[in-house]
S.K.: 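Before anything else, here's the structure in question.
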Amino acid sequence: LVSGVSTLSGPYRITNTDGFIVGSGLTFTNTNVTGLATCNNVFISGITTSDSHTYLRSFSETNNSVTQSAGVLTLDLSTGQNFEVTLSDNVTEIRLANSPSDASAMSFTVKFTQPSSLPVYTVDIDDVRITPFAEANRVSVKWPGGVVPVMSQAVNAVDIYSFKSFDVSNLNTSGLYGIIGGQNFV
């Protein structure tokens with residue numbers, strides 16, 4: 001039994017099946033845990049990789065408020081996968097910053113809210129770009145039925161869109177799948 005604040009760093013292998021690690025602060029660095037591990041109230045930051053199925057009873061995600069500038073909305077995918085923006089101008093381009101560099105799948109969701117008074121704004125939901133954000137780095141977005149959605153044009157209207165990739169390392173060729181989560185929520 002280890003209690004209190006514990007820090008383990010370096011390559012450690014924990015194989016004792018009847019031992020417990022309990023504490024208010026615990027750090028594992030470069031650690032391989034094999035077999036069954038049960039963790040309660042754990043905060044994990046950084047890249048975590050599991051080679052087998054991960055069971056989560058519940059989880060929460062970070063919600064990021066973003067703003068647009070000069071018609072550009074930048075979504076920093078290193079900060080999370082959920083974004084909210086209250087429109088203050090037309091959005092002509094969506095930029096994906098810091099997308100994962102490996103060949104894994106990813107998804108992200110954007111909640112667009114129109115302002116509480118006129119004018120309302122448009123979003124070119126089909127102009128998505130990756131670094132270095134030039135026209136040549138425009139990512140193809142595939143929409144259901146090939147129909148690009150149009151942003152709701154009512155005061156306080158909320159539109160929610162999700163995007164999914166099955167090949168992040170080749171976004172320029174594999175593209176994104178656009179999913180309409182809902183439109184014109186008021």
Side-chain angles (χ1 to χ4, degrees), residues 42-51 53-54 56 58-116 119-186:
V42 176
F43 174 78
I44 299 173
S45 65
I47 297 173
T48 303
T49 303
S50 174
D51 292 333
H53 189 80
T54 301
L56 301 173
S58 68
F59 69 96
S60 299
E61 297 178 282
T62 301
N63 194 35
N64 298 288
S65 292
V66 292
T67 57
Q68 73 264 27
S69 175
V72 175
L73 177 66
T74 301
L75 306 177
D76 185 347
L77 297 174
S78 70
T79 64
Q81 289 78 40
N82 296 298
F83 302 92
E84 283 189 83
V85 61
T86 297
L87 298 170
S88 60
D89 198 359
N90 294 324
V91 174
T92 58
E93 180 182 320
I94 299 171
R95 293 181 176 180
L96 303 182
N98 300 312
S99 59
S101 58
D102 60 7
S104 62
M106 70 155 189
S107 61
F108 60 94
T109 300
V110 186
K111 175 186 169 189
F112 293 95
T113 303
Q114 291 285 5
S116 59
V120 293
Y121 301 101
T122 62
V123 175
D124 187 347
I125 199 73
D126 206 43
D127 191 344
V128 178
R129 300 177 189 205
I130 56 175
T131 306
F133 308 125
E135 179 68 30
N137 285 55
R138 191 169 173 166
V139 177
S140 167
V141 181
K142 299 162 185 75
W143 294 99
V147 178
V148 178
V150 175
M151 186 67 50
S152 296
Q153 296 293 294
V155 169
N156 290 322
V158 173
D159 287 10
I160 300 172
Y161 302 98
S162 294
F163 298 84
K164 178 74 177 173
S165 170
F166 292 93
D167 187 2
V168 176
S169 63
N170 294 303
L171 272 177
N172 277 4
T173 55
S174 66
L176 291 166
Y177 291 90
I179 299 106
I180 302 167
Q183 292 183 299
N184 205 26
F185 293 104
V186 287

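What you are looking at is a predicted structure, and each value in this text was computed from that prediction instead of being measured. Heavy-atom basis, side chains included; hydrogens, waters and symmetry copies ignored. Starting from 1, each residue takes its place in the sequence as its number.
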S.K.: Please find the pair of heavy atoms, one from Gly178 and one from Phe163, that lie closest to each other, and give the distance.
M.R.: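 Closest approach of Gly178 to Phe163: CA-CD2, 4.2 Å.
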
S.K.: What is the minimum heavy-atom distance between Lys142 and Ser174, and which atoms define it?
M.R.: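 Result for this residue pair: NZ-O, 2.9 Å.
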
S.K.: Rounded to the nearest 0.5 Å, what's the gap from CG on Leu176 to CG on Asp167? Could you check?
M.R.: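 Between Leu176 CG and Asp167 CG, I get 11.0 Å after rounding to 0.5 Å.
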
S.K.: What's the spacing between Asn137 CG and Ile130 CD1 if we round to 0.5 Å?
M.R.: 5.5 Å

S.K.: When you look at Ser165 and Leu171, which way does the side chain to side chain contact (heavy atoms under 4.5 Å, CB included) test go after all the steps?
M.R.: CA-CA 7 Å; Ser165 170; Leu171 272 177; 3.4 Å; yes

S.K.: What pair of heavy atoms forms the shortest contact from Gly80 to Phe83, and how long is it?
M.R.: O-CZ, 3.3 Å

S.K.: Grab the two heavy atoms, one from Leu77 and one from Ser99, that are nearest each other, plus how far apart they are.
M.R.: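 Taking Leu77 first and Ser99 second, the nearest heavy atoms are CD1-CB, 3.7 Å.
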
S.K.: Identify the heavy atoms of Asp126 and Arg138 that sit nearest to each other, and give their distance.
M.R.: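 That closest heavy-atom pairing would be O-NH2, 3.6 Å.
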
S.K.: Check the angle between the aromatic planes of Trp143 and Tyr161 and answer parallel, tilted or perpendicular using the 30° and 60° thresholds.
M.R.: perpendicular

S.K.: State whether the side chain of Gln183 and the backbone N or O of Ala157 hold a donor-acceptor pair below 3.5 Å, judged by distance alone.
M.R.: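 No, Gln183 side chain to Ala157 backbone: no donor-acceptor pair under 3.5 Å.
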
S.K.: Measuring from atom CG of Asn64 to atom CD of Gln81, what distance do you get when rounded to the nearest 0.5 angstrom?
M.R.: 8.5 Å

S.K.: Report the residues that fulfil salt bridge (Lys or Arg N to Asp or Glu O under 4.0 Å) with Arg129, sequence neighbours left out, ordered by chain and then residue number.
M.R.: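 Checked Arg129 against salt bridge (Lys or Arg N to Asp or Glu O under 4.0 Å); matches are Glu93, Asp127, Glu135.
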
S.K.: Who pairs with Ser162 by side chain to side chain donor-acceptor pair (under 3.5 Å), at least two apart in sequence or on another chain?
M.R.: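 Partners of Ser162 by the side chain to side chain donor-acceptor pair (under 3.5 Å) criterion, ordered by chain and then number, come out as Thr109.
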
S.K.: Tell me the closest heavy-atom pair linking Pro149 and Ile180, and the distance in Å.
M.R.: CB-CD1, 3.9 Å

S.K.: Could you go through Arg95 and Thr131, starting from their C-alpha distance and side-chain angles, then the distance that decides it, and tell me whether this counts as side chain to side chain contact (heavy atoms under 4.5 Å, CB included)?
M.R.: CA-CA 8 Å; Arg95 293 181 176 180; Thr131 306; over 6 Å; no

S.K.: Please report the interatomic distance CZ(Phe108) to NZ(Lys164), rounded to the nearest 0.5 Å.
M.R.: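 The distance works out to 11.5 Å.
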
S.K.: In chain order, what residues pass the side chain to side chain donor-acceptor pair (under 3.5 Å) check against Thr74, with sequence neighbours excluded?
M.R.: none

S.K.: Pairing donors with acceptors under 3.5 angstrom, does anything connect the side chains of Ser65 and Asn63?
M.R.: no

S.K.: Given side chains that start at C-beta, do those of Val139 and Asn172 come closer than 4.5 Å, heavy atoms only?
M.R.: yes

S.K.: Report yes if some heavy atom in the side chain of Thr122 is under 4.5 Å from a heavy atom in the side chain of Gln153; otherwise report no.
M.R.: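 The answer is yes; the side chains approach within 4.5 Å.
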
S.K.: Nearest 0.5 Å, please: how far is CD in Gln114 from CG in Asp159?
M.R.: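 Nearest 0.5 Å value for the CG-CD distance: 7.5 Å.
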
S.K.: When Phe112 is tested against each of Ile125, Thr86, Ile160 for side-chain contact (heavy atoms from CB on, under 4.5 Å), which residue passes?
M.R.: Ile125

S.K.: Heavy-atom count check: over 12 atoms from other residues, nucleotides or ligands less than 6.0 Å from Tyr177 OH?
M.R.: no

S.K.: So how far is it from Thr113 OG1 to Asn156 CG, rounded to the nearest 0.5 Å?
M.R.: 8.0 Å

